[in-house]
Structures are given as structure tokens and as C-alpha cells.
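Notes follow the structure.
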Amino acid sequence: GQGVDEPLSATGFRQADAAGLFLSNVKFTHVFSSDLLRAKQTAAAILEKNRFCKDLEIKYDARLRERKYGVAEGRPLADLKAMAKDAGEQCPSFTPSGGETLDELRQRARDFFEFLCQLAVELEQKEDGKPAAPGRSSGTSGEQFVFPWTNQCSEAEPSSEGSGSSTVLDANILVVSHGAYMRNWIGYFVSDLNCTLPANLTKSQLSSVSPNTGVSHFIIKLENRNLLNPKITCVCLNQDSHL
């Protein structure tokens, strides 16, 4: 939850380093992290391993914090399950006293996602009329955005039809957050925004919590800068081959 702001364990640092190596050839344009210590340390470890972005500023945002669990925070998961059972409810929909409901959690995720979309639109507006900057040229993308799973998802890469250029992303954003938060954010993508999912993804995989430092990759297209109708494609979900 939010109330227990512990650092990463030794295992957590190893996992963060592994994620950093996995993403070492991805050139990020922005990095956002939860302001909780374990997320901050994960984001820093990922950037430390990156070939291009070691000095990129990490922006911390309280909207990326883990779900607030109220009286259950700092206690074993078994206690939360027992509270839910006593209330005649199931985890994870149960909200302990003083905790955050799933609707409140989803609203936080929605607010942050809309902020990212607005950021992307503003970036494109700033680029209009400017000469192509290094790393944003209309030529071949080369090493600009090299994803470890590119060969597995070439069909999901964004189209550049009508742009007169090869596929170059306006923004390539790393977001470091927490398991319950990310599960609800992905639920928002699927149920509210009709996110396109990989054909082989099962319902159990969709509803599961990501392993620590699991990687999910989404392509967001804002056609004609339309913030109200983003087109979202899930390339991979909770990728853990680096662990």
C-alpha cells in the first residue's frame, strides 16, 4: 500500500537491475514514477542500465502510488483476505476501513493517463514547424526505440500512413508503478477504452497482478490530436522473461 514506504529488498534490487538490462536499448523520452521509495529505486536502477537515458529526469507523481489499503497496510496479505471474508466479500474488490475503493483507484489512473495524452499532444504541437531534431528525424528509426520484443509484435507497431515518414514515436514513456494500481489501469484501458489485446492473452493473465518489475507495453495513438478517443494496442502484458 501507501502507508508503509519501505525500500527495495536485495531481491528487489536484483529484479530492478534485470529490468534495466532488459530495457537497456530502449530510448525513453520521459520517465514517470510513483513517489514511493520502492518505485523510485526501481526507476533509478532501470535508467542506470540504459544506454541512452542515464541522465533523463525522473518525475515523481503521487497519482502512480499503490492502492491505499487503510487498516490493512503493513499487515500480511492473509489478514486482508480474512477481513474480506468477514465482510462477505472477495479480494481484490474488498476495501478495508480507510482504504481506497477500486473506483477511486481507477480515477487516479484515468487522471494520470489523460495527463500523459495531453503531454503527447503538446509535444507534437511544439514540434510543428520545427526542423527535425536528432533522434526525431523522418528517416529510419535505427536505435531510437529498440524494444526487446519487437520481432514478436511488428504488426502492432504504429502506422505512419499519410505522415510521409517512417515510424517515429512522438513520446516513448516509461512509467514505474505498482501491481494493484497497474492491474486497475489496464482494466480501465480494456473496459473503458477498448484496448486491443494480444490474441493469445487469457482472461486469467489479464486479471493477474504483474510480477515485480514485470513489463507491459502499450502503443497509444491520438489521431488528429483527439484526446477523447485514444487508440490503444497492448503489445505485451506483464512480461517477465528478464526475471
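We find the CZ-CG distance between Phe218 and Leu197 to be 8.0 Å, quoted to the nearest 0.5 Å. Taking NZ of Lys221 as the start and CD1 of Ile232 as the end, the distance is 12.5 Å to the nearest 0.5 Å. Interatomic distance, CD of Gln125 versus CG of Leu123, reported as 9.5 Å (0.5 Å rounding). Distance check, rounded to the nearest 0.5 Å: NE2 of His178 to CG of Leu105 gives 11.0 Å. Distance check, rounded to the nearest 0.5 Å: CG of Asp103 to OG of Ser93 gives 11.0 Å. Between atom CG of residue Leu174 and atom CG of residue Leu47 there is a gap of 6.5 Å, rounded to the nearest 0.5 Å.
Not counting sequence neighbours, Ser207 has no partner by the side-chain hydrogen bond (donor to acceptor under 3.5 Å, both in side chains) test. With sequence neighbours excluded, the residues satisfying side chain to side chain contact (heavy atoms under 4.5 Å, CB included) with Thr202 are Ser204, Gln205. Qualifying salt bridge (charged side-chain N to carboxylate O under 4.0 Å, His left out) partners for Glu114, counting only residues two or more places apart in sequence or in other chains: Arg110. For Arg38, the salt bridge (charged side-chain N to carboxylate O under 4.0 Å, His left out) test picks out no residue, with sequence neighbours left out. Looking at residues two or more places apart in sequence or on another chain, you find a salt bridge (charged side-chain N to carboxylate O under 4.0 Å, His left out) between Glu100 and Arg108. For Ser33, the side-chain hydrogen bond (donor to acceptor under 3.5 Å, both in side chains) test picks out no residue, with sequence neighbours left out. Evaluation of the ring-ring contact (aromatic ring centres under 6.0 Å, His included) rule for Phe112 yields Phe32, Phe115, Trp185 as partners, not counting sequence neighbours. With sequence neighbours excluded, the residues that form a salt bridge (charged side-chain N to carboxylate O under 4.0 Å, His left out) with Asp61 are Arg63. With sequence neighbours left out, the side-chain hydrogen bond (donor to acceptor under 3.5 Å, both in side chains) criterion links Thr95 to Arg67.
Side-chain N/O atoms of Asp111 and Gln107 include a donor and acceptor closer than 3.5 Å. Using modelled atom types and a 3.5 Å distance limit, the side chains of Asn25 and Arg51 yield a donor-acceptor pair.
By the 4.5 Å heavy-atom criterion applied to side chains, Glu223 and Lys231 are counted as neighbours. Counting only heavy atoms from C-beta outward, the side chains of Asp192 and Phe113 never approach each other to under 4.5 Å. Looking only at side-chain heavy atoms (C-beta outward), Leu23 and Lys49 stay at 4.5 Å or farther from each other.
Gly1 and Leu36 get closest at one heavy-atom pair: O-CD1, 3.7 Å. Pairing each heavy atom of Cys236 with each of Val215, the nearest pair is SG-O, 4.0 Å. Across every non-hydrogen atom of Asn226 and Leu222, the tightest pair is O-CD2, 3.5 Å. Scanning all heavy atoms of the two residues, the minimum distance from Pro211 to Leu243 falls at CB-CD1, 4.2 Å. In terms of heavy-atom proximity, Ala39 sits nearest to Val176 at O-CG1, 3.6 Å. Nearest heavy-atom pair, Val26 versus Asn50, reported as atom, atom and distance to 0.1 Å: O-ND2, 2.9 Å.
The main-chain N or O of Tyr60 is never found under 3.5 Å from a side-chain atom of Asp35 such that the two would form a donor-acceptor pair. Proximity of a side-chain donor or acceptor of His242 to a complementary backbone N or O of Thr213 within less than 3.5 Å is detected. Proximity of a side-chain donor or acceptor of Ser177 to a complementary backbone N or O of Leu64 within less than 3.5 Å is detected. A donor-acceptor contact shorter than 3.5 Å links the side chain of Gln41 to the backbone of Leu8. Judged purely by atom type and a 3.5 angstrom limit, Ser216 uses its side chain to pair as donor or acceptor with the backbone of Asn238.
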Enumerate donor-acceptor pairs with a distance under 3.5 Å from any side-chain N or O in residues 10-22 to protein atoms, sequence neighbours excluded.
residue : atom : partner : partner atom : Å
Thr11   : OG1  : Arg14   : NH2          : 3.1

What pairs of donor and acceptor atoms, side-chain ones from residues 73-88 against any protein atom, are under 3.5 angstrom apart with sequence neighbours left out?
residue : atom : partner : partner atom : Å
Glu73   : OE1  : Gly3    : N            : 2.5
Glu73   : OE2  : Gln2    : N            : 2.8
Glu73   : OE2  : Tyr69   : N            : 2.9
Arg75   : NE   : Asp79   : OD2          : 3.3

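Residue-environment remark: NZ (Lys203) stays at or below the threshold of 12 foreign heavy atoms within 6.0 Å. Crowding of Asn212 atom CG: a count of heavy atoms from other residues, nucleotides or ligands under 6.0 Å not exceeding 12.
Cluster partners of Val209, using a side-chain heavy-atom cutoff of under 4.5 Å among ILVMFWY residues and allowing indirect links: none.
Under a hydrophobic-cluster definition in which Ile, Leu, Val, Met, Phe, Trp and Tyr are linked whenever side-chain heavy atoms come within less than 4.5 Å, directly or via other members, Leu193 and Leu201 are assigned to the same cluster. Note: the hydrophobic cluster containing Val175 also contains Leu119 (ILVMFWY, side chain heavy atoms under 4.5 Å, direct or indirect links).
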